[in-house]
Amino acid sequence: MIAAARLDWPSLISLLALRDYNTRVVVLGVGAFALASGVVGTFLMLRKRALLADVISHATLPGIALAFLVGSALGMAGKSLPVLLAGATITGVLAVLFVLAVVHTTRVKEDAALGIALSVFFGGGIALSSLVQQSATASAAGLDAFIYGKTAAMIVSDAWLIAGGAAIVIALCIGFFKELRLLCFDPAYAAAQGRPIVAFDLMLMGAVVLITVIGLQAVGLILVIALLVVPPAAARFWSDDLRRVVLISAGVGLISGVVGAGLSALIPKAPSGALIVLVSGALFIFSLVFGAKRGSVWRWLEARQLGRRVAEQHFLRSCYELVEDDPNRSFSEGALAANRVWNAEELARMMQVGLASRWIEPAGSSQFRLTQAGLESARRVTRNHRLWEMYLITHADIAPSHVDRDADLVEHVLDAEMITKLEALLAADAAALVTPPSPHRLPSVLPTGAAP
Amino acid sequence: MQTSARDRHDSPTNGPATGGLESSVQPRPPARTAGAEHPADCPLSIHDMTVAYQRRPVLWDVEYDAPAGKLIALVGPNGAGKSTLIKAVMDLVPKASGRVTVFGEPYRRQRRLVGYVPQRESVDWDFPVSALDVVAMGRYGRLGWLRPVGRADLEAAREALDRVGLKDFASRQIRQLSGGQQQRVFLARALAQDAQLYLMDEPFASVDAATERAIIDVLRAMRAAGKTVIVVHHDLETVPEYFEYVVLLNMRVVAHGPVRDVFTPENLRKTYGGRLTLLEEAAHKLAKRDAPV
Amino acid sequence: MMSGMLMLTNFSGWRSIDTQIALVAALCAAACAVLGVFLVLRKMSMMGDAISHAVLPGLAAAFLVTGKRDSLDMFVGAAIVGLQTAILIEWVHRRGEVEAGAAMGVVFTCLFAVGLVLLRAAADKVDLDPNCVLFGAIELTPLDGVRIGGWVVPRAAIPLAIVLSLNLAFVVLFYKELKLSTFDPALATSLGFDARILQYSLMTLTAVTAVAAFESVGSVLVVAMLIVPAATAQLLTDRLSGMLIWSVVLALAAAVGGHAAALAVPGWLGWSGRSASTAGMISVVGGVLFLAAWVFAPRYGLLRRAWQRFSISRETALEDALLLLLRGEERQAPVALRAMHDHLRSMSFSPLVRWWTSRSLKAEGWAALSEAGMRLTPRGRTRAAELLRAHRLWETFFDREVRLPQDHVHGPADRLEHVSDGALREKLAAELDHPTADPHGRPIGAP
């Protein structure tokens, strides 16, 4: 009911204008954290260590509980944020060291080591906080805020602490951009070059611990990993360029943080961390589907097109091979069938496509011939194919990485000099192409009209 | 003993005389008709197979009919698509186009007839199983769902281990075997499966001389038993000695046929390109030298 | 929840109520441990974590729809969501080409967030605390008992017992298939056992187990029960069946020990009268068992491997010392104890090994200490002569057969002399046509 009351225009407008002091504090804190986690998360994801962040965040709980117990025992205010976060940092680092030690000294694989560290540290945290909850001094020590996140509880000094941490992390990532890129892209090469890979790795892990710790209040320890993983994963769909991925990821993080924090101001009953994560999740789904670089819509269309084009090229080449010596000659469906390996449906479908595209036209009783346009296309496809084949044979050592079978024209990939050379070779040594038992019968001379 | 006798008997008939004849008259039907059934005696028939990773082709219009009962080497430079070819045949990677038949039927229906020997790195050698356990896995196909491994299966597995010379290692955890022994365990598993067509992905990769010998003996025994064996092979030097047929692959089938006719410098140049051949050979020698004994 | 826990756990002696709690914990741990073995072997441990988080929206939806807590709908909802999680992660990983770990992170956090929001929404309708779902309330299970035969058992034990039997049946019936598809999924598929079917069955069962467990230990700590005993078992055995058995045994130990620790440990720490969360302590005890196996495991433990390294190093040092003494005698310049120590230090043997070597030279009768220095006993001389012969044979081998430069033959010979027993030595000698002098012209000696 309260939620409904807040969802009216005036409150929305006052939210958008950041008129409310508390809202400004929360947006500052959460936005700074989400921006920085988008940046550092990109490197974490590319380093294939995304789940380590999950371990770190879970492992902060015993640290927080211990810091509370120790802090109270020493007469400090147990709930002082810097003290709690210091504790969180210590156990977070310990968990990372534990994982590394297990992986390097036992046959237990990394995933299990992560699982052990996560659950044992977290279990220890639960056990400790159950003791905290029973202590007389701790009237609900507010540990819940760290587990689920509680943006509403954020005060201005907290927000500045978060912003400071975020600034350090972002500065590290910008300052060491080159090194981090090397670390993520080719650690083995970097190590061979004598670069201090271990130091880079430690720096990255340190940044992750820092960002995790400052994110606890914003989204809570169970979901903090989301903002380290979701924005970079979403950004990856939009670009292959690391700089851009980092920028987009930071943007996705910032939007999720600010919009999520805004939503939780409107719907105070809903858990704020979850709302932030849901906004980033929505952005991820959008990117997954429509992302310009790797979005699945384009991928799916591409794959479908590839299959279709392969079939069309087969069809055109087959037609061309039948009429190569006399372009006006007609041929039957049976001749086509004998020329290549089709099954009946495939051939029938391709005949339909050929007729519809006006590549072939009927020529008397169950006979067909290539139209002018069809002849041109077929000639181009055949020439392309043969040039590629020649290229593969004559430049076997470099060819595979250069061949783009879907390229409309060889010219788009290879330079003119290479093509002239290939054509000369093709004309001189047609036998070079004979691969027993190639279904493609080859001409002695390439048709002169083939070059467009 | 029986095996070696047949071997000796085999080699002259599979020599140049018949080999040359077969290469000139390829066992390909003169005219294929639409929807034609493929010969049931052809162990593996690949038609117009294209495999692409996004836009980049890995295999391109591969056409191949494997001769029955032969040892066939699949040779080509790195990145030529050798492993991809085997995986595409077994539906382990998606094909952009093309059809594969095994003894005249789609692979899906003939799975039991195909034995697969993967690359050694493809499994976790820390897995808690013994050598015998791994070999017995070859028998699972004929057992089907739910039926447990019986005494007869273990017996067959033990026999297969014996044939690769690892009888005494049956109860060893597989990490405690040397690289060559691990490869032989895989081979024993294929033997236990008793398939008709074997696809092997680099069984000779970084193994010691003894294992190489043992593997080739087993391959010859398989051929003697009428099996067809296609082996992804790296060492050009040993192709003529070990194999009777060869497929030269570099994205497309450059040449195939009896080693005597097809394994020519000219074809190798077409497959590997000029300078790379030497480098590859040197790299292979190096890998072999550094292989764990 | 917390107040209930306070009320119930303000004691430290073991009562019948504790037996009931331990029973629930044990059933839960065993059910998880059986599946955990395969998650660990498939390198999918974190999938267990992901699924146990991701079933939350399924549970919340079931609550919202039925308005009840224990119903079959809950299991069905969780099973569906669990299976979908596995499929979704796979899809995001393959189709979206998102790295496997990141794909998991994306999917389970988003689903968990959905679950949290739904739970808050459901909180009005059902008496439901998110803490309960996350951390369980095993301490409260004895409050709700049912009578079976003459026994009163906690109601929570019943679904756990059912799930445990289900998991056991699955693993026993499909033991062969699970083994194959876990070890080599490509072969499994090629033999007609669709690896994906087994994979997804495993994921579904994991989800169902997570739901059954959440009431007692909570969804977050399910992962401790899934992974920790199985990973510990991996250090203790080389057989799949052995790993299953160890995993269950360790899980039971962690469950019972965990509850006992929850009662006892706060007292030791000076908080008498308090008790810690049982679920938390179960995973801590699991972690302690893992640490113990890490250090003490008979074959793969740190201690055992350190001892192995020490033994080898000790043997090598002793042999090196014998050789040094023999060479000294050849030159008629007996070696002093001090000189031997310096020699071993230059070979970078540790002080412990050096001390051990000088001790065993005397104690085991290899050498005697005299005025002029150390003298080999007849036994010591025989052994040293064998070693020297092996060393010089190898030097000859590397010079003649491998054609190493003369100043390079010492190094490899130094390593090989320690592993050359009588048979190998004589084979080597035969191979080299029984040479009498090494490349440096020193006598090789008779066998």
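Order of the sequence lines sets the chain letters (A, B, ...), proteins ahead of strands, with each chain counted from 1.
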TODO: Would you mind reporting whether F121(A) and V55(A) have side-chain heavy atoms less than 4.5 Å apart?
DONE: no

Task: L302(C) side, atom CG; R304(C) side, atom CZ - distance, nearest 0.5 Å - done: 13.0 Å

- [ ] Among the options G291(A), A101(A), A53(A), pick out the one with the most heavy-atom pairs lying under 4.5 Å from chain C.
- [x] A101(A)

- [ ] Look at the aromatic rings of H53(C) and H58(A) and report parallel, tilted or perpendicular, splitting at 30° and 60°.
- [x] perpendicular

- [ ] Using a 4.5 Å cut-off on heavy atoms from C-beta on, say whether the side chain of H259(C) contacts that of I138(C).
- [x] no

- [ ] Could you tell me the separation between the CG atom of L118(A) and the OG atom of S57(A), rounded to the nearest 0.5 Å?
- [x] 7.0 Å

TODO: Would you kindly say whether T106(A) and W294(C) are connected by a side-chain donor-acceptor distance under 3.5 Å?
DONE: no

- [ ] Starting at CG of L44(A), measure out to CD1 of I56(A) and round the result to the nearest 0.5 Å.
- [x] 7.5 Å

Task: Choice from I225(A), L275(A), V102(A) maximising heavy atom contacts with chain C below 4.5 Å - done: V102(A)

Task: Which of A261(C), A231(C), A50(C) touches chain A most, by non-hydrogen pairs under 4.5 Å - done: A231(C)

TODO: Using a 4.5 Å cut-off on heavy atoms from C-beta on, say whether the side chain of F43(A) contacts that of V208(A).
DONE: no

TODO: Give the member of I276(A), L114(A), V230(A), I116(A) that has the highest number of heavy-atom pairs under 4.5 Å with chain C.
DONE: I116(A)

Task: Pairs of heavy atoms under 4.5 Å with chain A: top-ranked of G101(C), G286(C), G287(C), A100(C) - done: G101(C)

Open item on the list: Using a 4.5 angstrom heavy-atom cutoff, name the option from G48(C), G105(C), A102(C) with the most pairs to chain A.
Closed with: A102(C)

Open item on the list: If we define contacts as heavy-atom pairs under 4.5 Å, which of V120(A), L128(A), L288(A) has the most with chain C?
Closed with: V120(A)

Task: Contacting region of V92(C) [heavy-atom separation from chain A under 4.5 Å] - done: side chain

Open item on the list: Under 4.5 Å from any heavy atom of chain A, what part of M281(C) do you find: side chain, backbone, both or neither?
Closed with: both

Open item on the list: Quick check for you: among P271(A), A282(A), A274(A), G281(A), which has the greatest number of heavy-atom pairs under 4.5 Å with chain C?
Closed with: P271(A)

Open item on the list: What part of Q234(C) gets within 4.5 angstrom of chain A, counting heavy atoms only: side chain, backbone, both, or neither?
Closed with: both

Open item on the list: Does any backbone or side-chain atom of A279(C) lie under 4.5 Å from a heavy atom of chain A? Answer side chain, backbone, both or neither.
Closed with: neither

Task: S256(A) side chain reached by L283(A) side chain, heavy atoms, under 4.5 Å - done: yes

Open item on the list: Centroid separation under 6.0 Å, is that true for the rings of F284(A) and F237(A)?
Closed with: yes

Task: chain A contact via L39(C) - side chain, backbone, both or neither, heavy atoms under 4.5 Å - done: backbone

- [ ] Find the one option among A297(C), S45(C), G36(C) whose heavy-atom pairs under 4.5 Å with chain A are most numerous.
- [x] S45(C)

Task: Which atoms of M44(C) approach chain A - backbone, side chain, both or neither, heavy atom under 4.5 Å - done: backbone

Task: V98(C), part contacting chain A, at a heavy-atom distance under 4.5 Å - done: side chain

- [ ] Flag the one option from V40(C), V107(C), V265(C), V117(C) with the top tally of heavy-atom pairs under 4.5 Å to chain A.
- [x] V117(C)

Task: Inter-residue atom distance I87(C).CD1 - Q199(C).CD, 0.5 Å rounding - done: 10.0 Å

- [ ] Please flag which part of R236(A) lies under 4.5 Å from any non-hydrogen atom of chain C: side chain, backbone, both or neither.
- [x] neither

Task: chain C interface, residue from G124(A), A234(A), G123(A) that has the most non-hydrogen pairs under 4.5 Å - done: G123(A)

Open item on the list: Counting the benzene-type ring for Trp, do F290(A) and F286(A) have ring centres under 6.0 Å apart?
Closed with: yes

